[in-house]
Amino acid sequence: MVMRWTDGERSRVNHLSRQIRLNLWVFAALTVLGMVRVGFAWPGHRAPVLAALGAAVLVLAGAQSLRWDSLAGRPWMPRAVVASYSAALAVHFLFCLADPYAQLIFPVGAVMLTAAAATTIGSRAGLGLGAAGLVGYGAMIVLRPGADVVLTTSIASVMLAVAGLCLLTANNRRHHLAERRAAERRTVALMENGSDAVLAVGEGEVRYVSSSIGRILGRDADSLTFADLGEMTHPDDVERINAFLGDLRVAGAGATGSLETRTLHSDGTWIDTEVTGTNHLDDPDIRAVILSVRDVSTQNALRAELLRQAFEDPVTGLPNRALLLDRIVTAVRRHARNGGHVSLLLIDLEDFKKINDTLGHMAGDDFLRTVAQRMTSVVRPSDTLARLGGDEFAVFVEELDELGLHTLAERLLAEIKLPVRLGTSDLIGTASIGIATLKATQDADVETANELMRDADLAMYAAKLGGRDRIAVFDPSMYTAAVMEAEARTELERGLGADEFTVVYQPIVDLPSGLLIGVEALARWQHPTRGLVGPDSFIPQAERTGLIVPLGAHVLRVACHEVAGWHSAIPGAENVRVSINLSARQFQEPDLVDTVRAALADSGIRPHLVVLEITESLLMHDVDATVVTLHELRELGVQIAVDDFGTGYSSLSYLRRFPIDILKIDKAFIDGITDDSDDATLAEAVVGLGKALRLSTVAEGIEHADQQEMLSQLGVTYGQGYLFARPGSADEIAEMVRAAYRKQVGGQ
């Protein structure tokens with residue numbers, strides 16, 4: 001039978017057994033005290049009493065040898081103990097009746113019996129015995145009149161206090177025992193119902209087994225033997241288990257270790273278990289190695305599945321990016337011995353997003369699986385075809401020359417372009433492929449693999465720029481261009497963060513009178529080392545990187561704020577308007593209207609004095625969405641101008657749908673207006689179109705007086721260009737505005 005360490009009943013019986021032996025000594029001590037009193041304080045006839053008391057001492061001493069450990073477990077024993085205390089108190093009372101100093105001797109014995117009873121049979125019995133002692137003491141005072149009232153009252157108070165203290169002590173002990181037993185029950189519940197089986201293995205014996213071993217291994221905890229442990233261990237793991245246990249014993253107290261092994265279930269199957277052991281051989285209460293056994297079969301199966309998922313694309317079943325990188329590193333190190341090389345083909349499917357958007361993601365997954373299967377039929381068994389995510393695939397090849405790489409890429413393109421049947425539709429895909437090659441090196445790592453992938457990606461991007469459905473091979477100049485692009489972006493971000501971008505203004509005048517009626521806000525970069533940088537040097541980069549959005553918002557805020565300042569500071573200039581360009585990227589932002597609204601509110605400028613300029617080509621991109629956004633902007637009160645009009649492809653029917661206020665004639669038509677009749681005719685047509693649609697017209701790039709004169713004759717409303725002023729800082733243009741309206745105010 002395997003022992004149980006936590007047994008509340010056994011603990012109670014052991015405690016009662018110990019207390020009974022202690023009580024016998026208490027009774028013996030009181031009896032010896034009585035013998036002393038008889039021998040020294042009693043008058044004549046002492047011999048019979050001394051003999052009786054001596055015999056009682058011998059009997060009490062001999063009773064210590066009885067088997068109290070077994071007797072204490074009898075159901076009648078608690079009642080017998082209570083009776084023994086009551087009898088002892090009665091005998092003590094009768095003895096003290098004959099003692100000359102009974103009022104002193106009786107309380108001593110009664111207190112000793114009360115204290116012993118409280119610790120043995122509980123607070124209630126102890127309280128009852130204490131009360132009986134007080135009653136006995138009172139009776140003794142009555143039977144022995146003439147006692148000192150103060151002394152007897154004091155002694156009674158002491159007896160009462162001792163009885164109360166014993167009661168409190170007994171109660172505290174009872175609560176302590178209850179808490180300890182509750183803790184033991186919780187410990188047992190945790191061990192018996194936990195996910196682990198707990199065993200205590202001593203020298204050649206199993207000292208404890210939790211019942212949870214039945215749930216985990218199907219074994220009976222009460223009958224498990226040391227030999228059973230050996231039979232349950234897989235033959236191939238026996239040596240490791242023995243070494244593990246031996247190392248724990250040698251390592252000393254508190255040493256801990258763990259290992260995985262295979263354990264035989266009662267149903268005959270082998271399960272994976274994790275065994276954790278701790279050395280408690282030196283602990284006198286344990287003297288065993290504690291083993292915690294956990295079934296990790298499900299965990300191991302899950303780990304294997306997660307490992308598969310970690311290296312496999314869930315849609316196509318191909319290796320994913322992580323596995324591809326690992327294979328690249330391994331191959332590069334392997335080929336380092338013979339100076340070989342490896343190559344990567346990066347494949348980007350074009351317009352795949354349209355399949356998801358129009359037919360749904362399930363159709364998109366079917367398309368990817370079909371294309372993956374076709375590409376698999378093209379690559380060699382030694383090659384690795386992987387899906388990197390989205391619409392990107394990669395083929396990793398070893399020791400293939402340039403001609404072989406091009407041949408493989410062309411075959412891949414041909415397979416991709418084969419029709420794919422999805423439902424009732426046949427879809428034909430195209431792709432761009434970038435090729436990069438890397439010479440093998442011994443110290444290759446993941447960074448090396450990432451560099452190969454980066455080079456292939458740059459080549460693929462070059463193929464896209466070349467017109468798609470193409471193959472491009474990596475050239476170092478591609479990396480140089482990419483680095484320059486990244487550096488330029490970083491520099492732009494730094495400039496935006498350092499508030500280096502400023503706003504300059506070019507005046508817009510009324511052509512017939514030449515009066516300054518507005519300005520166009522233009523961005524400039526006050527670079528710390530390059531000085532003032534024009535827009536041609538940073539606007540294209542800002543457009544490509546998306547930084548045009550925060551830059552455009554900055555220009556909008558600054559221009560509205562500064563021009564609003566002119567309105568309040570310059571008499572007569574209250575109606576000077578400001579034109580601000582919106583890029584295509586800004587126009588695609590969902591919060592564009594909120595950005596404009598915030599700029600108007602923060603600056604306090606009147607909305608109708610703000611003109612937002614957009615290009616003609618932007619108008620024709622997603623016409624329906626553009627119309628909605630333009631109407632939302634117009635609802636704010638701002639005006640809308642079409643910049644560079646005449647260079648795009650707007651039709652009159654489309655133009656009528658847009659809420660436009662101003663048409664700006666591109667400088668390309670102004671340059672030759674006095675020499676080329678076609679340019680003059682076009683300008684005249686734009687003016688006529690503007691009048692028909694009730695739109696104002698602005699001519700850009702006017703540099704000569706004869707251009708101004710002719711445009712004025714054609715009916716162009718406003719103009720701007722170097723003839724009137726070059727772009728200038730806010731202070732410079734503010735002074736021009738002040739001078740212009742000083743003359744007008746003075747003339748009035």
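Nothing fancy with the numbering, it's 1 onward along the sequence.
Residues Leu349 and Leu368 have side chains in contact (heavy-atom distance under 4.5 Å, counting atoms from C-beta outward). Ile614 is listed as a side-chain neighbour of Leu630, based on a closest heavy-atom distance under 4.5 Å. For the pair Leu556 and Leu612, the minimum side-chain heavy-atom distance is below 4.5 Å. At a threshold of 4.5 Å between non-hydrogen side-chain atoms, the residues Thr717 and Ile662 do not count as touching. At a threshold of 4.5 Å between non-hydrogen side-chain atoms, the residues Val578 and Val610 count as touching. Residues Leu427 and Leu359 have side chains in contact (heavy-atom distance under 4.5 Å, counting atoms from C-beta outward). With a 4.5 Å cut-off on side-chain heavy atoms, Leu344 and Met453 count as touching. Between Thr629 and Leu592 the shortest side-chain heavy-atom distance falls below 4.5 Å.
A salt bridge links Glu491 with Arg494; the closest basic N to acidic carboxylate O contact falls under 4.0 Å.
For the atom pair Leu413 CG and Met375 CE, the distance stands at 10.0 Å (nearest 0.5 Å). To the nearest 0.5 Å, atoms CZ (Phe658) and NE2 (His631) are separated by 9.5 Å. Interatomic distance, Ile702 CD1 to Tyr718 OH, rounded to the nearest 0.5 Å: 13.5 Å. How far CD1 of Ile580 is from SG of Cys560: 4.0 Å, rounded to the nearest 0.5 Å. Once rounded to the nearest 0.5 Å, the distance linking CZ of Phe367 with CD1 of Ile416 reads 8.0 Å. Distance OG/Ser432 to CG/Asp469: 7.0 Å, rounded to 0.5 Å.
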Q: Could you walk me through whether Glu493 and Leu547 pass side-chain contact (heavy atoms from CB on, under 4.5 Å), step by step?
A: CA-CA 8 Å; Glu493 290 175 338; Leu547 293 175; 3.7 Å; yes

Q: I would like to know whether Ser603 and Val563 meet side-chain contact (heavy atoms from CB on, under 4.5 Å); could you show each step before the answer?
A: CA-CA 9 Å; Ser603 64; Val563 174; over 6 Å; no

(Q) Would Arg726 and Val504 count as a side-chain contact (heavy atoms from CB on, under 4.5 Å) here? Give the steps. (A) CA-CA 10 Å; Arg726 291 177 176 272; Val504 299; over 6 Å; no

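A donor-acceptor pair is defined here as one N or O able to donate and one able to accept, closer than 3.5 Å; such a pair exists between the side chain of Gln708 and the backbone of Leu511. Counting only distance, with no hydrogens or angles, the side chain of Glu415 and the backbone of Val371 share no donor-acceptor pair below 3.5 Å. Thr615 places no side-chain N or O within 3.5 Å of a backbone atom of Asp643 that could act as its donor or acceptor partner. At least one donor-acceptor pair closer than 3.5 Å links the side chain of Arg374 to the backbone N or O of Leu418. The backbone N or O of Asn320 lies less than 3.5 Å from no partner atom in the side chain of Asp313, so there is not a single donor-acceptor pair. Between the side chain of His704 and the main chain of Leu723, no donor-acceptor pair closer than 3.5 Å is present. Panel note: side chain Arg489, backbone Thr545; a donor-acceptor pair is recorded below 3.5 Å. In terms of modelled atom types and a separation under 3.5 Å, the side chain of Gln707 and the main chain of Ile673 share no donor-acceptor contact. Although no hydrogens or angles enter the test, the distance criterion places a donor-acceptor pair under 3.5 Å between the side chain of His554 and the main chain of Phe501.
Residues forming a side-chain contact (heavy atoms from CB on, under 4.5 Å) with Arg411 (at least two apart in sequence, or on another chain): Val378, Thr407. In this structure Glu709 satisfies the salt bridge (Lys or Arg N to Asp or Glu O under 4.0 Å) test with no other residue, sequence neighbours excluded. In terms of the ring pair (Phe, Tyr, Trp, His ring centres under 6.0 Å) criterion, residue partners of Tyr505 (sequence neighbours excluded) are, by chain and number, Trp566.
Nearest heavy-atom pair, Ala542 versus Leu492, reported as atom, atom and distance to 0.1 Å: N-CD1, 3.8 Å. The shortest non-hydrogen separation linking Gly364 to Phe352 is O-CE1, 3.5 Å. Residues Gly701 and Asp671 share a closest heavy-atom pair of O-OD1, 4.3 Å.
The salt bridge (Lys or Arg N to Asp or Glu O under 4.0 Å) pairs that include a residue from residues 562-582 number zero, where partners must be two or more places apart or lie in different chains.
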When the side chains of residues 512-526 are checked against the rest of the protein, which donor-acceptor pairs come out under 3.5 Å, sequence neighbours left out?
unit_1	atom_1	unit_2	atom_2	d
Ser513	OG	Asp510	OD2	2.7
Ser513	OG	Leu515	N	3.3
Glu520	OE1	Lys664	NZ	3.3
Glu520	OE1	Gln720	NE2	2.8
Glu520	OE2	Asn581	ND2	3.0
Trp525	NE1	Glu500	OE1	2.9

Kindly list each side-chain donor-acceptor pair under 3.5 angstrom involving residues 456-467, sequence neighbours excluded, with atom names and distances?
unit_1	atom_1	unit_2	atom_2	d
Lys464	NZ	Asp348	OD2	2.6

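More than 12 heavy-atom neighbours from other residues, nucleotides or ligands sit within 6.0 angstrom of NE2 on His527.
Between the side chains of Ser477 and Asp475, a donor-acceptor pair is found at a separation under 3.5 Å.
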